[in-house]
Amino acid sequence: MKRVVIVGSGVGGSVTANLLAKKAEKLEEDIEITVINNKDYIFYEPGLLYLIFNRMHEKELKRPLNSILNPKVKLIIDEATKIDAENNTVVTKNGKVEYDYLVVATGAKVVPEELPGLKEGGDWFYTLEGAKRLREKLAKIRKGRIVVGVAGIPHKCPVAPVEVTLMLHDYLKMRGVRDNVEIFYTYPIQRLHSLEKVAELAKKLYDEKGIKYETFFNITEVDAEKKKIITLEGSEVEYDIFIAIPPHKGADLIFNSGIGDNGGWVKTHRNTLKVEGFDNIYALGDATNLPVSKAGSVAHFEAEVVVENIVGDIEGFGVVKNYNGEAFCFIETGFNEATYIKFDFDNPPVPVKPSKLIHYTKIAYNRLFWLTARGVM
Ligand SMILES: Cc1cc2nc3c(=O)[nH]c(=O)nc-3n(C[C@H](O)[C@H](O)[C@H](O)COP(=O)(O)OP(=O)(O)OC[C@H]3O[C@@H](n4cnc5c(N)ncnc54)[C@H](O)[C@@H]3O)c2cc1C
């Protein structure tokens, strides 16, 4: 019997557990699958972008994990504190779990406290509490300036800053206050987005909609009292609401286990998804140090590779599938239209023309996500 332990049951961990449980039915060797997660539910983060504009509600974004995971998967609700790789053991707050194969899927966490003044002076939609607070402020603003700014890279959902800006434009128009509220988008590098074609699309749409912007905007401090953002390049921009994409880092577990880089991102082989230096430990999703988007779709594509490779190894064939950087992201370009990008390590993304159909496909996916987590689609 082989024991597979998965730490973290967000998108990547849940899909891995469910796909593996299905695959295990066909194998000679028995596989015991254990998932360790520090909360008893799975959370649909993309919904936060809709929650701030009252287009989705808190209750729609959560499902109990025991309704998502295959009944054959053993679920432990506990915090993993260290991977003791020498002894093939995960140490948790309340015990120890031994493994033959380990999958690290602990995601990324936001750390607004790491940028001086951000916690006191900024807002964000990257956590449920942050999104609810921001929703209140957006519902009340009648005039002034809203700044959107990226306060750290890498961050989850790289296209979210562009989406929130374009949705904000439609939201303020709907409320009849757009003429009195300036939208000011900022980005740290020389163009409006790290993906060249997304930057071009954003520029075209921002110019059409009268959205102002500044590039080379590396935020070093937020002056909460004066409501001012200060950058490395010497800019000082005043705001009424500052929608920040907060800095991110990996889970404490990664720092404690010596398998990550300075940001706490697990050093992962870009094709096999094995953790550097280990043959029986894999990493996927936001937790890795791979140069791919921190996106649910990436975690999903990677889960398929990890499952194939664990099964391949159990059956004695070794690595049977490579990950090639596959990613897919919808991009909302307002309340009524969206586009999407599809890319991998060799093929950069090119957004298609925004349409209503793509927007409604995304809205449908927001409801169907739970099928993805269950490993059904
Ligand atoms: C506002 C927003 C919008 C987004 N929009 C999109 C989108 O449109 N499309 C898209 O593809 N992606 C989007 N994303 C990104 C997407 O949500 C993440 O990339 C995805 O959730 C990553 O999956 P994961 O399994 O790697 O990590 P997660 O889903 O974060 O899961 C990690 C799990 O590990 C648990 N955990 C962490 N540490 C421990 C520990 N020590 N012990 C036990 N459990 C632990 C966590 O509680 C969590 O359950 C968005 C994200 C945000 C914040």
Side-chain angles (χ1 to χ4, degrees), residues 5-17 35-39 42-43 45-46 48 76-85 89-93 97 99 101-115 118-119 124-130 150-158 160 188 194 244-278 280-303 305-306 323 325 327:
V5 173
I6 300 162
V7 187
S9 198
V11 187
S14 299
V15 174
T16 306
V35 164
I36 305 170
N37 199 62
N38 54 11
K39 46 190 203 282
I42 176 168
F43 188 76
E45 289 180 338
L48 294 172
I76 299 175
I77 306 300
D78 202 349
E79 174 88 19
T81 52
K82 193 172 186 262
I83 297 162
D84 174 3
T89 302
V90 178
V91 183
T92 68
K93 263 191 185 159
V97 185
Y99 61 83
Y101 297 91
L102 177 66
V103 181
V104 182
T106 42
K109 63 174 183 181
V110 296
V111 281
E113 62 278 10
E114 298 217 338
L115 181 79
L118 179 58
K119 227 177 148 185
W124 50 88
F125 54 96
Y126 270 62
T127 60
L128 179 60
E129 292 318 312
V150 174
I153 284 178
H155 64 79
K156 301 188 216 200
C157 192
S194 51
I245 311 299
H248 287 47
K249 66 182 188 189
D252 293 342
L253 165 78
I254 309 305
F255 288 99
N256 298 342
S257 307
I259 56 169
D261 61 15
N262 290 341
W265 311 119
V266 184
K267 294 179 196 162
T268 310
H269 189 282
R270 73 205 296 260
N271 300 124
T272 65
L273 301 179
K274 288 187 182 190
V275 173
E276 218 171 79
F278 301 96
N280 63 340
I281 309 181
Y282 295 80
L284 54 81
D286 291 355
T288 79
N289 70 338
L290 295 179
V292 289
S293 297
K294 295 205 177 298
S297 64
V298 168
H300 185 176
F301 289 128
E302 290 174 338
V305 173
V306 167
Y323 175 65

Between [Y] and [X], is there a side-chain heavy-atom distance shorter than 4.5 Å?
| X | Y | answer |
| --- | --- | --- |
| F125 | I245 | yes |
| V306 | Y101 | no |
| H248 | D286 | no |
| P247 | L118 | yes |
| T16 | Y282 | no |
| R270 | T268 | no |
| I254 | W265 | no |
| H155 | K294 | no |

Tell me, please, which residues at least two apart from S194 pass side chain to side chain contact (heavy atoms under 4.5 Å, CB included).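 If we apply the side chain to side chain contact (heavy atoms under 4.5 Å, CB included) test to S194, skipping adjacent residues, the hits are Y187, I189.
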
Shortest non-hydrogen contact from [X] to [Y]?
| X | Y | value |
| --- | --- | --- |
| K109 | D252 | NZ-OD1, 2.9 Å |
| I42 | V11 | CD1-N, 4.2 Å |
| A151 | L115 | CB-CD2, 3.9 Å |
| L284 | A105 | CD1-CB, 3.7 Å |
| G250 | F255 | O-CE1, 3.6 Å |
| V104 | I281 | CG2-CG2, 4.0 Å |

Any chance you could measure L128, atom CG, to E45, atom CD, to the nearest 0.5 Å?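 One finds 10.5 Å between CG of L128 and CD of E45.
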
How long is the gap from CG on L253 to OG1 on T92, to the nearest 0.5 Å?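 The distance works out to 11.0 Å.
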
Using side-chain contact (heavy atoms from CB on, under 4.5 Å), reason through W124 and L48 one step at a time and then give a plain yes or no. CA-CA 10 Å; W124 50 88; L48 294 172; over 6 Å; no

The criterion is ring-ring contact (aromatic ring centres under 6.0 Å, His included); which residues satisfy it with Y99, sequence neighbours excluded?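 Partners of Y99 under the ring-ring contact (aromatic ring centres under 6.0 Å, His included) test: none.
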
Residues L102, F278; criterion side-chain contact (heavy atoms from CB on, under 4.5 Å); working and verdict: CA-CA 10 Å; L102 177 66; F278 301 96; over 6 Å; no

Verify, without hydrogens or angle tests, whether [X] (side chain) and [Y] (backbone) share a donor-acceptor contact under 3.5 angstrom.
| X | Y | value |
| --- | --- | --- |
| N38 | D78 | no |
| T81 | V91 | yes |
| K156 | A108 | yes |
| T288 | L290 | yes |
| S257 | I259 | no |

For the NZ atom on K119, are there more than 12 heavy atoms of other groups (residues, nucleotides or ligands in this structure) within a distance under 6.0 Å?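 Counting neighbours around NZ of K119, 12 or fewer heavy atoms of other residues, nucleotides or ligands fall under 6.0 Å, so no.
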
Under a plain distance cut-off of 3.5 Å, with no hydrogens placed, do N37 and S9 share a side-chain donor-acceptor pair?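 On atom types as modelled, these side chains do not qualify, holding no pair under 3.5 Å.
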
